[in-house]
Every structure is written in C-alpha cells, then in structure tokens.
Amino acid sequence: MSKALIAKAEAQGNHLELGELISLLNLTDQEALDELWQAADRVRAKEVGEDVWLRGLLEFSNFCHCQCEYCGIRADNRSITRYRMTEDEILAAAREISAAGIGTIVLQSGEDAWWTGDRVARLISRLKIEHDLAITLSLGDRTKDELLLWRSAGADRYLLRFETSNSALYAKFHPDSTLATRLNTLAELKSLGYDVGSGCLVGLPGQTTRDLALDLLLGRDLELDMFGVGPFIPHPDTPLGGCPQGSTEMTYKMVALARLVMRNVHIPVTTALATLDADGREKGWQRGANVVMPNATPPPYRQQYELYKNKRCIDDTLKHCRGCLGGRIARIGRQVGQGQGGSLRKAGRTNE
Ligand code: 5AD
Ligand code: FES
C-alpha cells in the first residue's frame, strides 16, 4: 500500500490529496521511510539538480514587538540582551558573505519598528551598490507600502513562514496577528514580484498530523519559491518553555513531502533541525533539501538572537562554516551552487 502511494508521490506529488498526505506522514516502517527518502532525493535531483545553495543569514536586530509564544526574542522576554546592528556593521557583514563566495544575503530581524521603511530601503540601496548579492528580507508582517519601497530599492526575495495553516492554532500562538494577515502579506509579496519563501513549524503543542498535511497543501497552493520546515524547540523563557520539542523524524517527512508536493521549490535544511540532529544537514539534503543558511551574524549579536537555545554553530565564524559546509556537501557527492541561486519555479523548470 505505502509503496504505491510513494510511487504516486514521486510521479505526481502535486496531485496528492489530504488523506494520502496524512498516510505518508504516518509512515513508521523503516523500509517505507527509506523509500520515501529515496523518492524525495530522486525528485530533488530531477527538479533542482546537484547544487546545494548557501545563503548568508544576517540577524541584524533582535528587537521585536510581537509576543509569539514559542519565540525567544518575543517582546516579553526580558532575559535576553537586545541589539540593533548599525548600517556599517551590516555592510561589513555583507562583505564577509561576499568574500566567502556566497551569493545571497538574508536580512532577518524581529518586528522592529526602528527599522522603518526608509531606513531599510536605504540599507538595501547601499548593499546593492557595494555588492552583487541577491537580497532576501525576513522582517515579518510589514505594510504593503514598505514592501513596495523595498522591492523598488532592490530587494529580490522575502521569507515569511505561515508557521501553521491551522488558523485557530495560529491565533493561539501569535497574539499580535492572524493567519489571514500573514496570507495577505504573502499575496502582496507575490504581486510585487518578490521570490517568496514560506513554511511551517513541526511539533507545535496541539498540532496534528492533519494540520501538517494541510501545511503542505497550503505551501503547494501558494506556489512558493522556497519552503522551510523546522522542528519547534521550546525556549525556557517563553510560555511554551515546558512543552515537548518537535520530532526530527516528522520534520524529515515534511522535508521529503515538501519536495514531492512542491517539486522545484528551494528547501533549506533549517538550523533548528541541524540543532536537534548532528547529521541533520546531510540527512536533510539527502531527503529533499537543497539549501542551507550559514549564520553570518557577528558575535556577540548572534548569541543574542536566541529564537531557541543551543543553536548549531553558534560560536563558529562564517568562514569556518563555509569551509565545513563545503566539505559536508562534497562528501555526499553534491556541489555548492555558484551564483545567486534564484527561483527555479520562475526559471520555468518542470512542475507538472
Ligand atoms: N523553535 C523553532 N523555530 C522557531 N522559530 C521561532 N522560534 C522558534 C523556536 N522556538 C522559527 C519561526 C520563524 C523562524 C525565523 O524561526 O518559524 O519563522
Ligand atoms: Fe558551522 Fe560546520 S557548518 S561548523
């Protein structure tokens, strides 16, 4: 039974139905799981090739006015030191990303009102003048005017996870916003011509397998350029601090099924997965993923961008991680992507 279903997922995963996705997410038999990983790996090879793309992640402010219940930088967490990098510090970090041969900078922050539309636009313009980097923003729910301004200034891509497609769960864990708002922002980003990345968390308290299957269907229907999935990791200084962490096995199933359902999308191995599983990067890349986002945030800031504790590579320099990742990618027979590694969906590769 599972063999036929996995074969269908490999041939036409974009046509899988809710019940079928739930069955696949419920697989526990080791042989069936190995088949699922292999199917995802074959579809990865066919749809996005052997390149693994590096994106330099710069966490440039951990101020946040939101109260997301799982997140360590939520406004109410007084136990972390807040920081906001200066424009010059950000430009210096961008230089390190370029020097490491990485083609994309991901500018991520909490929802920080100090970084107004104009300040971010000025930063984007300066980055574009100094570097040949694709610019990905990850700044949360912002207004349509700001998103337009940044796109005009040269921003190429935007990451905004929907976190969960279950609107009741979304509301429970995000007191400042609603799923509808987030989906509206995602639609605006698309209409402005950004390459759009979204995704979800695995293992939120109360989240069911059906919810996760629906996350995959929502990801498919949004026609995304990138899809990221990570396990929930409880942070002790948050309301969800006492809850169990998300399952790495379920996260791998989500990565594999995201590949099978969304075909030519970019899929990162998330830092959260690499944090919970020492072989997380290699396993992720061999089960559907084709991206990794090494941390380019300089100390001491990177230690203070504490979405959760014990983050992987927290004390390693970008240069060190660049070398380490290159070796890990080569050892599994793949290669580091050269250039910016833009949307494969827009490049018009197969997505039957
Ligand atoms: N565990 C795992 N992932 C988290 N994120 C935020 N807090 C946590 C946590 N405690 C994820 C969210 C967000 C991304 C930047 O980090 O999914 O979109
Ligand atoms: Fe950071 Fe290996 S990727 S040390």
Side-chain angles (χ1 to χ4, degrees), residues 52 54-62 64 66-74 77 80 100 102 106-111 136-141 158-165 169-170 173-174 177 182 185-186 197-205 207 215 226-248 250-251 254 268-276 278-282 284-285 292-297 302 305-331 336:
V52 175
L54 306 189
R55 322 293 199 192
L57 176 64
L58 185 59
E59 302 149 329
F60 66 95
S61 163
N62 69 354
C64 192
C66 290
Q67 299 290 3
C68 303
E69 298 223 329
Y70 47 80
C71 184
I73 66 167
R74 64 201 302 274
N77 184 6
I80 58 166
I102 297 174
V106 180
L107 291 170
Q108 186 174 93
S109 69
E111 294 206 10
T136 302
L137 302 178
S138 180
L139 313 181
D141 281 311
Y158 205 101
L159 300 182
L160 185 70
R161 289 188 183 170
F162 55 76
E163 315 290 1
T164 171
S165 60
L169 270 193
Y170 190 100
F173 297 131
H174 306 93
S177 112
R182 185 132 296 203
T185 310
L186 286 167
S198 193
C200 61
L201 283 163
V202 171
L204 286 169
Q207 189 183 41
D215 291 347
M226 296 160 267
F227 192 84
V229 197
F232 157 65
I233 304 178
H235 186 299
D237 303 319
T238 65
L240 301 187
C243 298
Q245 69 186 30
S247 142
T248 53
M250 186 57 95
T251 306
M254 287 292 286
V269 170
T270 54
T271 307
L273 181 57
T275 296
L276 294 190
D279 305 327
R281 268 88 52 105
E282 286 84 349
W285 293 325
V292 65
M293 296 169 56
N295 196 331
T297 313
R302 62 159 72 193
Y305 198 83
E306 195 183 80
L307 305 182
Y308 44 84
K309 299 254 180 204
N310 305 319
K311 216 188 256 182
R312 191 75 191 257
C313 296
I314 198 72
D315 293 320
D316 299 307
T317 62
L318 177 64
K319 213 170 151 203
H320 178 82
C321 288
R322 169 68 186 81
C324 173
L325 290 169
R328 288 170 186 267
I329 291 164
R331 279 196 292 282
V336 175

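Note that this is a predicted model, so its numbers are computed, not measured. Whatever order the structure lists them in is the order used to number ligands and atoms, beginning at 1.
Considering each of Gln245, Glu163, Glu59, the one bringing a non-hydrogen atom nearest atom 12 (C) of ligand 1 is Glu163. Taking only non-hydrogen atoms, the option from Asp316, Val292, Asp315 nearest to atom 4 (S) of ligand 2 is Asp316. Of the listed options Gly230, Pro231, Gly241, Pro231 places a heavy atom closest to atom 2 (C) of ligand 1. Residue nearest to atom 11 (C) of ligand 1, selected from Arg161, Lys309, Gln108: Arg161 (by heavy-atom distance).
Annotation: atom 16 (O) of ligand 1 to nearest protein heavy atom, Leu307 CD1, 3.4 Å. Of the protein's non-hydrogen atoms, Ile233 N, 3.0 Å is the one closest to atom 1 (N) of ligand 1.
The OH atom of Tyr308 sits 11.5 Å away from atom CD of Gln245, with the distance rounded to the nearest 0.5 Å. The NZ atom of Lys309 sits 12.5 Å away from atom CD1 of Ile233, with the distance rounded to the nearest 0.5 Å. Here Thr136 contributes atom OG1 and Leu58 contributes atom CG; the two are 12.0 Å apart, rounded to the nearest 0.5 Å. Here the straight-line distance linking atom CG of Leu139 with atom CZ of Phe60 works out to 5.0 Å at 0.5 Å rounding.
With a cut-off of 2.8 Å, atom 1 (Fe) of ligand 2 has an N, O or S atom of Cys321 in range. Residue Cys324 counts as close to atom 2 (Fe) of ligand 2, with an N, O or S atom under 2.8 Å.
Note on Arg328 versus Glu282: salt bridge recorded, some NZ/NE/NH1/NH2 to OD/OE distance being below 4.0 Å.
Between Thr164 and Asp215 there is a side-chain heavy-atom pair separated by less than 4.5 Å. Considering only heavy atoms from C-beta on, Glu59 stays 4.5 Å or farther from Ile73 through its side chain. The closest side-chain heavy-atom distance from Cys200 to Glu163 is not below 4.5 Å.
Close approach of ligand 2 to Cys313 is summarised as follows: ligand atoms under 4.0 Å from at least one heavy atom of the residue are 1 (Fe), 3 (S), 4 (S). Here is the list of ligand 1 atoms found below 4.0 Å of a heavy atom in Leu201: 2 (C), 3 (N), 4 (C), 17 (O). Of all the atoms in ligand 2, the ones that sit under 4.0 Å from a non-hydrogen atom of Leu325 are 3 (S). Remark: ligand 2 atoms within the under-4.0 Å shell around heavy atoms of His320 are 4 (S).
At a heavy-atom cutoff of 4.0 Å, ligand 1 is contacted by both the backbone and the side chain of Tyr70.
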Discussion item. Using side chain to side chain contact (heavy atoms under 4.5 Å, CB included), reason through Asp141 and Ser177 one step at a time and then give a plain yes or no.
Written reply: CA-CA 9 Å; Asp141 281 311; Ser177 112; 3.9 Å; yes
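Within the 4.0 Å heavy-atom shell around ligand 2 one does not find Arg312.
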